Every structure is written in C-alpha cells, then in structure tokens.
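Lettering of chains follows the sequences in order, A, B, ..., and the numbering in each one begins at 1. Side-chain atoms are counted along with the backbone in the values below, which use heavy atoms only and exclude waters and symmetry mates. These figures come from a predicted structure and were not determined experimentally.
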Protein chains: 2
Amino acid sequence: MKNIEITESIFEHFETFIPLSENLKSELEKRLKHIVFKKGETVLNANQICTESYFINKGILRTYFLKDGKEISEYFCGIDEWVNSPKSFMQRKKDIYYIDAIENTEAYLINVNDLVYLFDNFPEMERYARLSMGSVFGHLMERITSMRFTSAKERYNHFQKTYSAIYHRIPLGMVASYLGITQETLSRIRAEK
Amino acid sequence: MKNIEITESIFEHFETFIPLSENLKSELEKRLKHIVFKKGETVLNANQICTESYFINKGILRTYFLKDGKEISEYFCGIDEWVNSPKSFMQRKKDIYYIDAIENTEAYLINVNDLVYLFDNFPEMERYARLSMGSVFGHLMERITSMRFTSAKERYNHFQKTYSAIYHRIPLGMVASYLGITQETLSRIRAEK
DNA sequence: CACAACTTTTGACCTATATCAAATAATCAT
DNA sequence: ATGATTATTTGATATAGGTCAAAAGTTGTG
C-alpha cells in the first residue's frame, strides 16, 4: 500500500542518523500525516506561526520572503528533505517566511507539539535533530562562502551542483533571487556557451 | 577562586537552554580544561582534524580559510560563545578552516570524545546542542540574506549590530573579507560621514 | 627609539552586474 | 484553440565596488 512505502522512505531517512526502535516507529507513524499541495499553492503565510514541518515525498516546496514587494527565494526543498519556517517553527512565533509549492507536491507533516512529545520521550530524536541540523549547517556555510567571493556565474554553477536533482525544475526568476542576482543577469549567464 | 567563576559562566550559558543536574555539572567540570592563547596564535590549522571546541571567556577567536592565498574570515567569536571547525569537529575529518586568536584569549575547551561521552550519557546535552545550534542557524540565515540584496554599507551596518560587543576590536582587513568586500571599499565606507 | 613590517587610507581607472525598457516566448484559463 | 497573463530574453546605459599603485599611519621588537 502506498502510505506504507512513503513512511518507509522517512524511516530510511531517520536511519541514516539514528537506529529506529519499533516503538519509536509506531509513535512516528501515529503522528505523521500525509498531505498534498497543488502547484502554486501556499503552504505557509508569513502572518502565521509555522506549526508543522513537511517531509517531502514528491515535488518541490520553496521558502521565500518579501523585500520591497518582491519575492526573494530563501531555499528549495525536494524529495527526502524537511521544510518549515525554522525560527517560527522552533520558537512558536511569527517570522518573515512564506512557503509555497513550485510543483504538485506530496509530503508527510508532523505537528510541532507531536515533535516536542517525541523529543521528550525519545532522546534519540534529539540526536537525530542535532545531527541532521549539522548537515544543513554545512550547506549554509558553503552558501555564505559562495555568496561572497564568487561571480554570478560561479554562484549559478554552485547552485546547479547543490540542487542537481531539481535545479532545472525551478523558474529562472526564483533561482535569480535565491542567488542574489537579477533575472536579466541569470538569463544572460544561461545564454552563454 | 578564578577557575570556579569561569566554570560558572559556562554553566550559566548551558542553563539558558537546559537545567543542569549536579551530576552533569561535575561531569562537565571534569572535562572542561582552561586554556590561554596569545594574540596572533594559531588555535587550529587547516591540515588538522579539529578535536576540541572552545568556549571563550575573554578575547576573540576567528575562523578563516584561504582563497587564492588570502585569508577570508568566516566568523568571529567573543565571550560566551563556542568556536570550532564545525564539519571537522563533528565528522572527525579535515576541513578548510583555520582558527586563530585576534586578541589574548582565555577559553575552556572540551574534547570531542568527552563531548560524545556526554551526549551518550546525558540526553539533555543532545537537547542543549540542538537548541544552541538553532540559534546559530538563525544568524546564518540572516547573514545569507544580508549578503544578497544589500549594499556593502548596509552589510557593514548589519555586521556592527551583529557583533556590537566586539566589532571595533577586529582589524579592518578581517572585517572586509568577512563581509565579502575589499579593504579599500570598507575603508571608504568608514571614512564617510 | 628607530627601523621593519604590517595596516589603513587615498587616488585613478575598470568591470561585473544593476536598471530601465521593450520584445519574445511560454503558460493558463475560458 | 485564443487571448490574457506571466516568464524570459535582449539591448542600452549607469554605477557600486573591484583592481592596482602608492602614500600615510600604526605596531612591534631589538
């Protein structure tokens, strides 16, 4: 059955960081809910507190914020990744980030209260969170580096590597704002060679 | 006695995230070692694995890497902050980062093996790590934003806010590379108004 | 305290990328 | 399909910040 397959893929993800007991598996299973978003659909509005985190099974979600009325893409998430508005989710307060669906997307969600329950009762979940954050941490550092001493073209190349599985499915304008360059510049970079 | 005072300041730091049992306190006390670095001294070389994390009590440490033979400052750490080479420390492998002392610095260090021992035996330490990483996470995201759609001057202002306690003690050249601009540009920004 | 070795400032000039404007091209809804 | 939106490309021009070079200022050490 399909739900089972999908849950399996989350379990596999967890197991790259921690061993999962049968008990924890069943507690997770109880709390993970399947959800579908249509292309273009808003997942989170900036005026809301983010109370859910989404583990993507299919499609792409994007986090962005508004600057001078324009959407600035913060990051993109594809299969086997978690998306939320980090500060909002962990500190239960509003933040500037919106989340929307770039493609028709399927995901599993967990509510923040359920996650806290798991943290309180399964120390290995704390470890999972620490370790998985660690790997995202590395990406953020790389991105900061890439943002400083590299040309627009090098940044685009770096982006293609980082998002090799999905970069070609993301509209140009969104990529440009993610990279901190204008659409026009990105269009010219793509036109070269 | 001085050592006790300093240890207290680390404990206070931990207690902003988790309650500390007497047992955990004494286990920490056994493992934290006091260390002193002279201005300019190298704390970590890029060709080494980073096996220690430093909690600063006085002074400033800097993390940097080399690009085209030039030092690019990655971040600065002052009082009550942890410094290490993140990937190297957590994954026990070499990375590109050096650490050095910008001022005469005093710190407490913990060895990675001791930290792992604490993670294994005190689940609240896992929680501490998760929560404290969370706050650094927020700073990294802000920095990425600041790096994209803001002018050199705005970035410098943002830097002054982020590092309000120590920004004036960091040499201009190091600040410039941290911000991703040249020394000359930063010098001109400072000269204005 | 004086010289060497850095660090910061100043000036002249150049280049990557932004801006503004308009023409195509692609996508969507009826 | 067909016109309306929305996204992308192309062109002309402007500018923030880079590069190179040299002067001035600061710091440390015998």
Side-chain angles (χ1 to χ4, degrees), chain A residues 37-42 59-60 62 64 66-73 76 98 100-105 145-160 166-193, chain B residues 37-42 59-60 62 64 66-73 76 98 100-105 145-160 166-193:
Chain A
F37 300 105
K38 271 183 288 189
K39 179 175 178 174
E41 196 176 337
T42 295
I60 303 175
R62 167 181 76 133
Y64 68 96
L66 295 180
K67 164 149 180 144
D68 306 328
K70 282 181 197 157
E71 297 181 357
I72 310 292
S73 299
F76 309 102
Y98 297 75
D100 67 0
I102 290 184
E103 298 180 346
N104 291 331
T105 297
T145 298
S146 153
M147 217 55 107
R148 283 188 295 181
F149 288 95
T150 53
S151 65
K153 189 173 184 172
E154 288 172 301
R155 252 135 80 193
Y156 181 60
N157 291 338
H158 180 260
F159 163 78
Q160 285 181 308
I166 56 171
Y167 80 90
H168 55 284
R169 288 144 62 189
I170 302 169
L172 176 137
M174 293 182 186
V175 175
S177 71
Y178 173 87
L179 294 175
I181 60 181
T182 58
Q183 303 190 194
E184 295 93 325
T185 297
L186 181 53
S187 175
R188 287 185 243 265
I189 286 167
R190 278 191 179 170
E192 289 175 28
K193 70 169 171 193
Chain B
F37 299 107
K38 270 182 286 187
K39 180 175 178 173
E41 195 176 338
T42 295
I60 304 175
R62 167 180 75 135
Y64 68 96
L66 295 180
K67 165 149 178 142
D68 308 327
K70 282 181 196 158
E71 298 181 357
I72 310 291
S73 299
F76 309 102
Y98 296 75
D100 68 0
I102 290 185
E103 299 179 346
N104 292 329
T105 297
T145 297
S146 153
M147 218 55 110
R148 281 187 296 179
F149 289 95
T150 54
S151 66
K153 189 175 184 173
E154 288 172 301
R155 254 137 78 193
Y156 180 59
N157 291 337
H158 180 260
F159 163 79
Q160 286 181 309
I166 56 171
Y167 80 89
H168 55 284
R169 286 144 62 189
I170 303 169
L172 177 138
M174 293 183 185
V175 174
S177 71
Y178 172 85
L179 295 175
I181 61 181
T182 59
Q183 303 190 192
E184 293 92 326
T185 296
L186 182 53
S187 175
R188 284 176 179 118
I189 287 168
R190 278 190 178 172
E192 290 175 29
K193 71 169 174 198

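Atom P of nucleotide dG17(D) and atom OH of Y156(B) are separated by 15 Å, given to the nearest angstrom. Between the CD atom of Q183(B) and the P atom of dG11(C) there is a distance of 18 Å, rounded to whole Å. K70(A) has its NZ atom 11 Å from the C1' atom of dC20(C), to the nearest Å. Straight-line distance from the CD1 atom of I72(A) to the P atom of dA18(C): 12 Å, rounded to whole Å. If you take CD of E103(B) and P of dT27(D), they are 13 Å apart, rounded to a whole angstrom. Nucleotide dT10(C) holds its C1' atom 14 Å from the CD atom of E192(B), rounded to whole Å. Rounded to a whole Å, the NZ atom of K38(A) is 17 Å from the C1' atom of dT27(C). Rounded to an integer number of Å, the gap from R190(A) CZ to dA25(C) P is 17 Å.
Regarding contacts with the backbone of dG17(D), every side-chain N or O of K153(B) stays at 4.0 angstrom or more from both OP1 and OP2.
Along DNA chain C, the nucleotide closest to S151(A) and the one closest to S187(B) are compared, and the more 5′ of them pairs with S187(B).
In the model, S151(B) has a side-chain atom that pairs as donor or acceptor with a side-chain atom of E154(B) under 3.5 Å.
I102(B) CD1 to F76(B) CZ: the interatomic distance, rounded to the nearest 0.5 Å, is 5.0 Å. Here CE of M174(B) is found 10.0 Å from CD1 of I60(B). Values are rounded to the nearest 0.5 Å.
When each of Y156(B), F159(B), Y167(B) is tested with Y178(B) by the rule ring pair (Phe, Tyr, Trp, His ring centres under 6.0 Å), just one qualifies, namely F159(B).
Residue L186(A) is out of contact with every strand shown, counting any heavy-atom pair closer than 4.0 Å.
In this structure, the nucleotide among dC28(C), dA18(C), dT10(C) sitting nearest to the side chain of R188(B) is dT10(C). In the set dA18(C), dG17(D), dG28(D), dG17(D) carries the atom at the smallest distance from any side-chain atom of T185(B). Comparing dG11(C), dA18(C), dT8(C) by their nearest atom to the side chain of E184(B) picks out dG11(C). The side chain of A191(B) approaches dT10(C) more closely than any other nucleotide in the set dT19(C), dT8(C), dT10(C).
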**OP:** Could you go through the side chain to side chain contact (heavy atoms under 4.5 Å, CB included) check for Y98(B) and E71(B) one step at a time?
**Re:** CA-CA 9 Å; Y98(B) 296 75; E71(B) 298 181 357; over 6 Å; no
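Within residues 171-180 of chain B, the residues having any heavy atom under 4.0 Å from DNA chain D are, by residue number, G180(B).
Each end of the helix from dC1(C)-dG30(D) to dT30(C)-dA1(D) yields a helix axis from five base pairs, and these two axes differ in direction by 60° (to the nearest 10 degrees).
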